[in-house]
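Heavy atoms only: backbone and side chains are in, while hydrogens, waters and symmetry mates are out. As the structure is a prediction and not an experimental result, all values here were calculated from the model. Within every chain, numbering begins at 1; the chains are lettered A, B, ... in the order of the sequence lines, protein sequences first and strands thereafter.
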2 protein chains.
Amino acid sequence: MKVQQKNTPCQLCMSRKFSLFSDVSEPHLCQLSDNKNLITHKKGQILFYEGTKPLGVFCISDGIVKVYKTASNGKEQIIRLAKAGDFLGYASLLGEEAYSNSATIVEDANICFVPRESFLKVLAEDNAFHQRVTKALCKDLGVMESKLTDATQKSIRERLAFTLLKLSETYGIDGNEGEKINIVLTREEIAGIVGTATETVIRLLSEFKKDELIDFEGKKIIVIDKKGLARLSDFYG
Amino acid sequence: MKVQQKNTPCQLCMSRKFSLFSDVSEPHLCQLSDNKNLITHKKGQILFYEGTKPLGVFCISDGIVKVYKTASNGKEQIIRLAKAGDFLGYASLLGEEAYSNSATIVEDANICFVPRESFLKVLAEDNAFHQRVTKALCKDLGVMESKLTDATQKSIRERLAFTLLKLSETYGIDGNEGEKINIVLTREEIAGIVGTATETVIRLLSEFKKDELIDFEGKKIIVIDKKGLARLSDFYG
DNA sequence: TAAAAAACATGACAAAAGTCATAAAAATAA
DNA sequence: TTATTTTTATGACTTTTGTCATGTTTTTTA
């Protein structure tokens with residue numbers, strides 16, 4: 001974990017433009033930029049642990065981070081995968097609680113750390129920003145409701161199919177034989193997203209491949225038949 | 001659904017004092033009070049439907065409301081039970097989305113409806129209030145993360161035991177032989193909270209009774225052995 | 001490059017939980 | 001009060017999913 005020069009000010013940061021900071025005013029942007037720290041993280045490094053106290057928020061410049069809770073059986077339930085432009089840790093900070101989850105680097109990442117005070121100052125002074133944060137929280141809440149409902153009412157097969165569709169939506173790049181999910185996840189991590197055992201994921205992925213819904217290219221998954229996966233995932237009720 | 005006189009101004013409302021409106025300034029309280037509508041709802045009535053557009057927020061004066069999503073298999077996943085002082089519908093309103101869930105009266109209720117404009121005006125003008133709303137949203141998000149993790153990583157038996165503990169925490173009243181969960185829920189509704197089939201709940205409740213963890217009194221459940229339930233629910237990890 | 005570790009794969013089996021059928025009890029409506 | 005509907009209950013059975021064991025492949029580290 002090495003601290004880099006603050007060579008990219010927030011003002012010029014490309015991924016900021018897709019983030020909650022997109023429309024923050026120039027002076028506030030300076031305030032953020034002057035106080036942030038860009039840190040380079042390697043795959044496997046832990047950004048923060050559930051139960052510890054947030055000292056600021058993280059803003060992903062590039063890379064992938066998994067946000068997860070560790071269940072009492074030791075398994076990781078992945079809450080979400082965060083990518084460039086996404087914020088981490090702000091809900092716990094604003095909730096004035098310890099982190100409700102942990103975050104670990106899935107793909108090498110450059111992440112800015114914005115200390116608590118800077119973040120809260122901008123939040124307090126820039127009402128439009130506060131509104132965007134509120135709106136984001138509300139949307140996240142709606143997403144979590146859907147995830148909970150899916151977790152209790154859908155089968156693992158349905159959930160895995162749905163997970164693959166969502167991943168291809170977010171990380172998909174077109175190829176000659178289908179859409180490649182351009183992110184490396186272990187079977188165990190996919191199991192963590194779906195909420196099941198690793199072996200079950202392995203078996204189902206093999207089945208999906210046999211049924212020509214997906215294919216493998218190295219460690220990456222190619223989605224061949226989106227409609228088939230949508231049908232399987234009970235996308236139409 | 002009959003509209004009552006606005007006989008109780010927000011200023012004097014007891015349940016407001018435990019709500020997000022607890023510390024709203026006098027003028028803002030007047031503004032809310034003048035525009036609200038107190039409506040009496042009977043058990044079974046529907047407050048709002050998933051997919052429709054929120055026109056304001058609901059504030060429960062008394063009674064119980066279940067907030068749930070209807071899954072594609074027709075079953076209801078109950079997201080939460082709301083009681084006096086709780087707000088409904090504000091996340092969808094602030095997220096500028098259609099309702100992400102539905103709400104139905106579980107026990108006869110008096111509920112105030114605060115129109116969108118009044119609510120947003122107070123939110124925009126009273127920064128401390130906005131902060132409390134934000135904080136509440138963040139806490140809800142943390143709760144949902146735990147629920148999701150429990151749903152995927154714990155057994156139905158564990159989740160039912162946990163649900164009973166939580167219900168007794170919120171609705172429990174001390175009796176001579178244990179803590180009575182003073183709220184009438186059908187087995188189907190309990191199944192909706194836990195996220196399982198009604199028959200499974202019936203079977204497990206019978207088992208819990210046989211094991212002298214709980215007892216029944218009419219339609220209500222008495223928690224006899226909290227520690228036993230806590231052990232079963234994997235409360236200690 | 002060799003050794004060790006992690007990830008993937010598959011079979012066999014057990015356990016958990018859902019579904020369907022049926023019936024009794026309780027609550028509600030006519 | 002009686003009829004009807006809803007809720008609770010239980011058995012029988014199936015399906016789904018998890019666990020454990022074992023082996024192979026791939027990746028990482030020394």
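Counting all heavy atoms, side chain and backbone alike, R159(B) lies closest to A151(B) at NH1-O, 3.2 Å. Closest approach of G195(B) and Q153(A) over heavy atoms only: CA-NE2, 4.4 Å.
Counting non-hydrogen atoms under 4.0 angstrom, K75(B) reaches the backbone sugars and phosphates but no base. Note on S155(A): only backbone sugar-phosphate atoms sit closer than 4.0 angstrom, heavy atoms only; bases stay farther off.
At least one donor-acceptor pair under 3.5 Å links the side chain of D108(B) to the backbone N or O of K43(B). For the pair K166(A) (side chain) and A161(A) (backbone), a donor-acceptor distance under 3.5 Å is absent.
The pair E76(A)-K66(A) meets the salt-bridge criterion, since a charged nitrogen lies less than 4.0 angstrom from a carboxylate oxygen.
If you take CD1 of I156(A) and P of dT19(D), they are 11 Å apart, rounded to a whole angstrom. Rounded to a whole Å, the CZ atom of R187(A) is 12 Å from the P atom of dT27(D).
Sorted by residue number, the members of residues 200-222 of chain A with any non-hydrogen atom under 4.0 Å from DNA chain C read I202(A), R203(A), S206(A), K219(A).
The nucleotide range of DNA chain C contacted by chain B, defined by atoms under 4.0 angstrom from heavy atoms of the protein and reported 5' to 3', is dA17(C) to dA27(C).
Within the structure, side chain to side chain donor-acceptor pair (under 3.5 Å) pairs that include any residue of residues 190-216 of chain B comprise R157(B)-E207(B) (at least two apart or interchain).
DNA chain C is contacted by both T152(A) and E188(A); E188(A) maps to the nucleotide lying nearer its 5′ end (nearest heavy atom per residue).
Exactly one residue among T149(B), D150(B), T152(B) makes a side chain to side chain donor-acceptor pair (under 3.5 Å) with Q77(A). That residue is T152(B).
By the 30° and 60° cut-offs, the orientation of the rings of F87(A) relative to F21(A) is perpendicular.
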